[in-house]
Asks: 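I have a structure here, written as structure tokens, and I will follow up with some questions on it.
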Amino acid sequence: MVKTPIYFDHAATTPLCKEAFDKMSPYFTQIFGNANSQHMFGREAVKAVDEARDSIAKIINCKPNELYFTSGGTEADNWALRGVARANANKGKHVIISPIEHAAMLVTAKALEKDGFEISYMKVDEEGFVDLEHLKTIIRPDTTLVCCMLANNEVGTIEPIKEIAKIAHDNGSLMFTDAVQAAGVLKTDVKELGVDLMSMSGHKIYGPKGIGALYIRNGVKVESILTGGHQERMKRGGTTNVPAIVGFAEAFRIADRDREKNFEYVCSLRDKFIDRILAEVPFVKLNGPRKENRLPANADFSFRFIEGESILFSLDLAGIAVSSGSACSSGSLEPSHVLMALGLPEGLAHGSIRFSFGKHNTLEEIDYAVDVVKEAVEKLRAMSPLFKAQGDIKYV
Amino acid sequence: MYNEKVMDVFKNPKNVGEIENADGVGLVGNENCGDIMQIFLKIENDIIVDAKFKTFGCAAAIATSSTATEMVKGMTVEEALKLTNRRVVECLGGLPAQKLHCSVLAEEAIKKAIEDYQSKKQA
Ligand code: FES
């Protein structure tokens, strides 16, 4: 019998890895200095932050002075979008963004619109891939920034960032990518990707919460959004979160070290899960790409005739933690904007469940979960007015 | 978010299914989130002797369907018409604020089923 609870929500957050935890611990009580102080306590803190910055810079192939620590992915996203749009407003007030970005981007884009910026949305196909030809038609001389996530958090689509960046650059625009879901999982070499800015987050890669980073290529003009002290080379005020930075760098180091191994392993879990669900559960749709160009962790399904939140809690009762993109499970009672952008009919978005796997999950857990899903789906369908069992024709 | 009572009822809902040749059937949809609830009533001498439901919706919608159908059993048609979603929610020990609209669905479905019964009776 497998041990429950089983955690299949790694796209939401991951547990802190032991290595990062150990490395962080002294920085709470012993090495507690303010990295802004000039005395020995401060110098010790600075040393730790410098090392962390060097380590992450090496992984993403940038200079240490191109990497800025933030309070997380949301702040990094906000900063990139707002900061670049505002700092380059003299050149143009047009920004292009994908419709399946994280809310940290989409809500910020809406706010910019109110400030007089014009936002255009890329088109994505039914698997979530950006339509490059369409992008070429909407990019303009006054477009200052093109934003597209490296990998989508809901349906796992890995976007052709290199190609998108090329279109942006050919037009003289800057390119930002949100790599919150991708960092530590895919190769995130900023030179290879050709991006000018890239956001990352600690807690998605077995690092601590409350820490992230923004890569800003030297020479790119960005306005600060957190104004205050002299931290982060005058660009981002706020006392440096030394323990979190240390933990983030260590978690990133481990993730990068084990990247290929984990990629292969987590893909094997995902593929087994996807294959079994598609084969054994009727009336189910896999959202996002089949297997190629899909995040190893992600399996997102729509179960027809039933509602996602009730599936989520059925699985929860059986000890399996997942998330749902259904209207009923969102605070706003709106279905997931990602599924809508993929053109999913509302009924199907309603029955959506995201499973996201991690390096500690096992094949036994996958098998157990498939059985639980089958049972839960059957039970809820028996309750659904949209679903009728009729003799031999079991489903309508 | 949900209390234990709600989760309990959601886990083992009562009165799931349809009643063949029901005396009253009420089907309602929820504009807020697109959910659907269907309630079937068996009524003898204006007393509800059986109630069943089918619901496409969240855990709160399923729990309130179960509880509401339990509550109306044995009620007269008059009494059942007065059943409010508030009483159903109280019986469940409360629902999160953003889930109150799901309980309205149960109230409306029962009203509709009774209306259906009354109009059939008149015909
Ligand atoms: S039925 Fe949609 S939120 Fe309850």
Side-chain angles (χ1 to χ4, degrees), chain A residues 5 283 302-337 339-340 344-353 372 375-391 395-396, chain B residues 1-20 22 25-40 52-66 68-69 95-106 108-109 112-113:
Chain A
F283 300 104
S302 284
F303 299 93
R304 269 180 75 189
F305 313 117
I306 51 178
E307 190 282 317
E309 197 237 48
S310 62
I311 305 172
L312 185 154
F313 282 110
S314 300
L315 301 188
D316 188 68
L317 284 167
I320 300 174
V322 298
S323 75
S324 166
S326 88
C328 299
S329 51
S330 79
S332 60
L333 296 179
E334 300 276 341
S336 141
H337 69 277
L339 299 179
M340 292 289 101
L344 218 66
E346 245 174 81
L348 274 181
H350 226 113
S352 74
I353 290 286
V372 169
E375 213 176 290
V377 166
E378 219 168 277
K379 186 176 164 195
L380 290 169
R381 279 183 180 161
M383 266 186 240
S384 169
L386 305 175
F387 182 80
K388 281 211 171 77
Q390 292 186 333
Y395 310 104
V396 292
Chain B
M1 62 183 285
Y2 292 130
N3 66 36
E4 256 173 60
K5 180 90 203 273
V6 176
M7 285 305 274
D8 262 4
V9 178
F10 168 67
K11 192 174 174 186
N12 297 306
K14 302 231 168 75
N15 312 320
V16 174
E18 301 183 10
I19 297 177
E20 251 182 80
V25 181
L27 177 71
V28 290
N30 188 332
E31 278 168 35
N32 285 307
C33 55
D35 295 298
I36 299 165
M37 193 183 288
Q38 195 173 20
I39 287 201
F40 303 83
K52 286 201 185 306
F53 77 89
K54 283 210 152 175
T55 293
F56 168 79
C58 70
I62 289 171
T64 47
S65 306
S66 168
T69 46
L95 278 176
Q98 79 272 21
K99 291 290 177 181
L100 285 175
H101 72 268
C102 321
S103 64
V104 178
L105 214 56
E108 284 172 353
K112 260 218 158 143

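Every chain is numbered from 1, with letters handed out A, B, ... down the list of sequences. Side-chain atoms are counted along with the backbone in the values below, which use heavy atoms only and exclude waters and symmetry mates.
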Asks: Can you classify the ring geometry of His350(A) versus Phe56(B) as parallel (below 30°), tilted (30 to 60°) or perpendicular (above 60°)?
Replies: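 Aromatic pair His350(A)/Phe56(B) classed tilted.
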Asks: With only heavy atoms counted, which part of Lys99(B) is less than 4.5 Å from chain A, the side chain, the backbone, both or neither?
Replies: side chain
Asks: Answer with side chain, backbone, both or neither: which region of Ile36(B) has an atom nearer than 4.5 Å to a non-hydrogen atom of chain A?
Replies: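 Both backbone and side chain.
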Asks: Between Leu317(A) and Met7(B), is any pair of side-chain heavy atoms under 4.5 Å apart?
Replies: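 They are in side-chain contact.
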Asks: Could you check whether atom CD of Glu18(B) has more than 12 heavy atoms from other residues, nucleotides or ligands sitting under 6.0 Å from it?
Replies: yes
Asks: Is any side-chain heavy atom of Lys379(A) less than 4.5 Å from a side-chain heavy atom of Pro13(B)?
Replies: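 Touching, per the 4.5 Å side-chain cut-off.
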Asks: Do you know the tightest heavy-atom contact between Phe387(A) and Lys54(B)?
Replies: O-NZ, 3.7 Å
Asks: What distance separates Asp35(B) CG from Ser310(A) OG, expressed to the nearest 0.5 Å?
Replies: 8.5 Å
Asks: To check you understand the geometry: which heavy-atom pair defines the closest contact between Cys58(B) and Cys328(A), and what is its length?
Replies: CB-CB, 3.7 Å
Asks: For Ser324(A), is it the side chain, the backbone, both or neither that has a heavy atom under 4.5 Å from a heavy atom of chain B?
Replies: neither
Asks: Look up atom OH in Tyr2(B) and atom CG in Asp316(A), then write down how far apart they are to the nearest 0.5 Å.
Replies: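 It is 11.0 Å, given to the nearest 0.5 Å.
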Asks: To the nearest 0.5 Å, how far apart are SG in Cys102(B) and CD in Glu309(A)?
Replies: 7.5 Å
Asks: Might you point out which heavy atoms bring Thr55(B) and Pro385(A) nearest each other, and give the distance in Å?
Replies: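 Shortest heavy-atom separation between Thr55(B) and Pro385(A) comes out as C-CD, 3.3 Å.
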